[in-house]
Amino acid sequence: MGLDAIDVRRVPSVSAVITGAEVVSHGVPHENQVRDAVGPMLPGMVASAGGRFRDLVPIGDQARLLEEHLAARVDDIVLVTGASSAGPSDFLAPTLTSLGARQIVDSVGCRPGHPQSLWEWGDSFVVGLPGNPLAALAAFVTLAMPLLDRMGGRPLRGLEPHGVHRDFEDALRRSSAKRGQAATVLSPCRLTGGLLTSVGHDGSAMLRGSVNATGFAVTGPGVVGIAFHPFPWSLATP
């Protein structure tokens, strides 16, 4: 094209830390254990959102290990699952505060995915994702995906107005009313024939419905009618 120089952006690198002594990565969980359902989906989601997933580290409930991992960070973004709420075992915020990170977002008024957070630390960012699988997916779409878009020089993805199947519309409005007027409700759905339809199984601890979803139906404050937030990893899904 006759250009002597072009501007380029490096693909953001991403790593993840999985917290929770009850979380196991292989085999059948024993009593008081649960299989990690968040870690396996992060590499594909990061890649589809324009990042390069580099590493995943389980640390149990040890704040010291989180501090050591973050202090030795080499990635542009660190995703931390769990330890993100305000309970006695939620050590993400105290650890980052002690390290001198600056909190940008302390929570988001959405359901599921409310206890998510965003921190800036030097040239890096830390995104706190809830431990429940669907809540973690919602938080990734809410905070991590826009962060990857901005770091990659892409425009932020907006909500798209779409028609909704009547039964699904009634269910969404009941869910929104039940969860309260202050919360934005994110419901996994599928865009079929120009209409949003339910995929079911949309509890915060469930991923079964999201397997067949192509995005979130969004209802709540500031949303006119019912909007659609597509998943970038399902754009090729028929």
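Because the structure is predicted, anything quoted here is derived from the model rather than measured. We use all heavy atoms of the structure for the numbers below, so side chains are in, but hydrogens, waters and symmetry mates are not.
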Side chain of Arg157, backbone of Pro232: donor and acceptor closer than 3.5 Å? no
Testing the basics here: between His229 and Met145, what is the closest heavy-atom pair and its distance to 0.1 Å? CE1-CE, 3.3 Å
Same hydrophobic cluster for Val141 and Val211, using side-chain heavy-atom links shorter than 4.5 Å among ILVMFWY? no
Does Val24 belong to the same Ile/Leu/Val/Met/Phe/Trp/Tyr cluster as Val80, with side-chain heavy atoms less than 4.5 Å apart forming each link? no
Would you give the length of the straight line joining atom CG of Leu137 to atom CE of Met41, rounded to the nearest 0.5 angstrom? 5.0 Å
Which heavy atom of Ser204 sits nearest to which heavy atom of Pro112, and what is that distance? CB-CB, 3.8 Å
Using the side-chain contact (heavy atoms from CB on, under 4.5 Å) rule, take Val185 and Val218 through it: C-alpha gap first, then chi angles, then the decisive distance, then the call. CA-CA 6 Å; Val185 178; Val218 184; over 6 Å; no
Could you tell me the separation between the CD atom of Gln116 and the CZ atom of Phe140, rounded to the nearest 0.5 Å? 12.0 Å
Do Arg73 side-chain atoms and Phe125 backbone N/O form a donor-acceptor pair below 3.5 Å? no
Please report the closest heavy-atom contact between Ala49 and Asp149, naming both atoms and the distance. O-OD1, 4.1 Å
Trp121 six-ring face occupied by Arg102 cation (under 6.0 Å, within 45°): no
Same cluster or not: are Ile104 and Met151 linked, directly or through other Ile, Leu, Val, Met, Phe, Trp or Tyr residues, by side-chain heavy atoms under 4.5 angstrom apart? yes
If the threshold is 4.0 Å, N to carboxylate O, is there a salt bridge linking Arg10 and Asp76? yes
Output for pair (Asp75 CG, Ser13 OG), nearest 0.5 Å, gives 4.0 Å
Using a 3.5 Å distance criterion without hydrogens, assess whether the side chain of Thr197 forms a donor-acceptor pair with backbone atoms of Arg190. yes
Residues Ser187 and Phe168: closest non-hydrogen pair is CB-CZ, 4.4 Å
Can any side-chain N or O of Thr19 pair as donor or acceptor with the backbone N or O of Thr81 at less than 3.5 Å? yes
Report the C-alpha separation of Thr219 and Thr184 in whole Å, then their side-chain angles, then the decisive distance to 0.1 Å, and conclude whether the side-chain contact (heavy atoms from CB on, under 4.5 Å) test is met. CA-CA 6 Å; Thr219 57; Thr184 297; over 6 Å; no
Same apolar cluster (I L V M F W Y, side chains within < 4.5 Å links), Ile77/Val11: no
Can you tell me how far apart NE2 (His30) and CD (Glu22) are? Round to the nearest 0.5 Å. 14.5 Å
Among the clusters formed by ILVMFWY side chains lying less than 4.5 Å apart, do Leu195 and Val199 turn up in the same one? no
Atom pair CG/OG1 of Leu147 and Thr142 - distance to nearest 0.5 Å: 12.5 Å
Smallest separation among heavy atoms of Leu186 and Ala138, with atom names: CD1-CB, 3.7 Å
Start with the C-alpha distance between Leu92 and Ser117, add both sets of side-chain angles, then the distance that settles side-chain contact (heavy atoms from CB on, under 4.5 Å), and finish with yes or no. CA-CA 9 Å; Leu92 176 61; Ser117 61; 4.0 Å; yes
Looking at Arg208, I want to see if its CZ is surrounded by more than 12 non-hydrogen atoms of other residues, nucleotides or ligands under 6.0 Å. no
Do any pairs count as a side-chain hydrogen bond (donor to acceptor under 3.5 Å, both in side chains) and have a residue in residues 33-48, sequence neighbours left out, and if so which ones? none
What is the minimum heavy-atom distance between Gly50 and Pro12, and which atoms define it? O-CD, 3.6 Å
Output the distance between atom CG (Leu134) and atom CZ (Arg111), rounded to the nearest 0.5 Å. 13.0 Å
For Leu79 and Leu42, run side-chain contact (heavy atoms from CB on, under 4.5 Å): C-alpha distance rounded to whole Å, both residues' side-chain angles, the deciding distance at 0.1 Å, then the answer. CA-CA 9 Å; Leu79 306 174; Leu42 290 178; 4.1 Å; yes
